[in-house]
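Worksheet: one structure, shown below.
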Protein chains: 2
Amino acid sequence: MDNASRSERSRKAALQAALTIISRDGPARLTLDAIARESGMSKGGLTHQFPTKEAVLKALLEHQIEYFGDFTERYLAEAGAASAQPQLAAQIATLREAITQPHSVALAILGALTQDPSLLSQIRAASGKTVDAIKAEAADPQLALLRWAAAQGLVLMSLFGLNPLADQERGQLFDRLGDDRQWSALAESNPRAAEPGRTRKVKS
Amino acid sequence: MDNASRSERSRKAALQAALTIISRDGPARLTLDAIARESGMSKGGLTHQFPTKEAVLKALLEHQIEYFGDFTERYLAEAGAASAQPQLAAQIATLREAITQPHSVALAILGALTQDPSLLSQIRAASGKTVDAIKAEAADPQLALLRWAAAQGLVLMSLFGLNPLADQERGQLFDRLGDDRQWSALAESNPRAAEPGRTRKVKS
DNA sequence: CTATACAAACCGACTGGTCGGTTTGCAAGA
DNA sequence: TCTTGCAAACCGACCAGTCGGTTTGTATAG
């Protein structure tokens, strides 16, 4: 087999094995030996592809970020024009997708978090950009951010096993979150709620 | 000193040390040795009070649940009558409090999660009850749940280091989340959005 | 086409160190 | 004296990362 193909096959196998282990045994059991065992490769071969465990987690995160980034772009291209706030709609749709996936994202996040919290700076940077995009297109930026935060809350609660909501109920909540008409009344009747001087109750 | 007092003092010291370690070094560095070192007691003394590490985490979780449970009750007693939806207002206020605390709750959650995800069933049960309470008092249960989910999202993102929002901006969002008047227009203009047959877009 | 030389992928044993938990000893309260 | 709280040494399991050596692919010269 081709050398490049061998490498890529091994790397893919290692990352898939890592996701399997995290979802099946929890992030605490994600060890280099476990990845080697699960993927069928040797530990030496594994460390040849990923010199440290941190490198494995980094690759895992990048893979997930790329996957959902593509999903967002595809949504914007296909259904973007249908909404007055395409960025917000795309983010809500992407978050909804993340919940149906076999919990891969936040499981990777969780694994990364326990190993090295600094890895999360990638995620923070990415979500910072989406926040800017959402605010830029919104007539009522606060309301848009709150809809986004609600979607994040539903996803994070589910992924961390904290969610007491049934799948159907969560689906209905996502439906409503993504439906611009449901919120237009608020944005129109309270447009200046987003401006300063109105909601300045922050202490000190 | 009295024996019982000595025990309690040691247990408190151990839990406080655990919180210090989690917030300063991350949950991965929460070890029995580290707790013993941080609290000034010996490892033997520590394991005398908490036979296993899981027992430490369990006590940590219970301590936090109790703390925020008290906070919620106090809020209901003091400011409950001021809102049309006191349970929701209390939950939002409590979540806001959790964010200002030195990240204790979810840090404990995080520690527990990496060690033993089954411990989280306590949290899930507790939040199930609050969800029921919020739905029961709301004219528009979906909207109430979404406001609650948004607060959860803001808190979880902050605690896991994913939040790109500044403190001030988050504070304004919480202000608006907790202000019933900001949402009444929506609840009144779209009351039947909470009923079935309107938002049934859930696949299969 | 074959031989040679080098590079990349891979293997598995080993090392230094950490962690959860146990055992032993001792001092103070009951 | 007998129990309780605590200290310190200790144990076995586990883990990330290393290392010497092997196998497989690749390029070049004859």
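Owing to the predicted nature of the structure, the values given are computational and were not obtained by experimental measurement. Every chain is numbered from 1 and lettered A, B, ... according to where its sequence line falls, protein lines coming before strand lines.
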If we ignore hydrogens and angles and just use 3.5 Å, is the side chain of B:Trp183 paired with the main-chain N or O of B:Arg176 as donor and acceptor?
yes
Roughly, in whole Å, what's the span from CG in B:Leu57 to P in C:dG21?
10 Å
Say whether, by atom type as modelled, one donor and one acceptor occur between the side chain of B:Arg147 and the main chain of B:Leu88 under 3.5 angstrom.
no
Got a sec, which pairs hit salt bridge (charged side-chain N to carboxylate O under 4.0 Å, His left out) with one end in residues 15-35 of chain A, sequence neighbours left out?
A:Arg24-A:Glu38, A:Asp33-A:Lys43
Determine whether a donor-acceptor pair (N or O, by modelled atom type, separation under 3.5 Å) exists between the side chain of B:Arg11 and the backbone of B:Leu46.
no
Would you confirm whether A:Asn163, through its side chain, and A:Met157, through its main-chain N or O, come within 3.5 Å as a donor-acceptor pair?
no
Expressed as a whole number of angstroms, how long is the span from A:Asp33:CG to D:dC15:P?
7 Å
Kindly say whether B:Gln87 contributes a backbone atom to a donor-acceptor pair with the side chain of B:Glu137 at under 3.5 angstrom?
yes
Could I get a table of every N or O pair under 3.5 Å where one atom is in the protein and the other is in nucleotides 2-5 of chain D?
from	atom 1	to	atom 2	distance (Å)
D:dG5	OP1	B:Ser7	OG	2.7
D:dG5	OP2	B:His48	NE2	3.0
D:dG5	O4'	B:Arg6	NH2	3.4

Rounding to an integer number of Å, can you tell me how far B:Ile35 CD1 sits from C:dC19 C1'?
12 Å
For A:Met41 and D:dT23, give me the distance from atom CE to atom C1', rounded to whole Å.
14 Å
Donor/acceptor link under 3.5 angstrom from B:Lys43 side chain onto base of C:dG20
yes
Atom-to-atom span, CG of B:Leu46 to P of C:dT23 - whole angstrom:
17 Å
Tell me: CZ of A:Arg11 to C1' of C:dA8, nearest whole Å?
14 Å
DNA chain D contacts among residues 21-32 of chain B, heavy-atom distance under 4.0 Å:
none
Please check this pair: side chain of B:Lys53 against backbone of B:Leu30, looking for a donor-acceptor N/O pair closer than 3.5 Å.
yes
Can any side-chain N or O of B:Ser158 pair as donor or acceptor with the backbone N or O of B:Val155 at less than 3.5 Å?
no
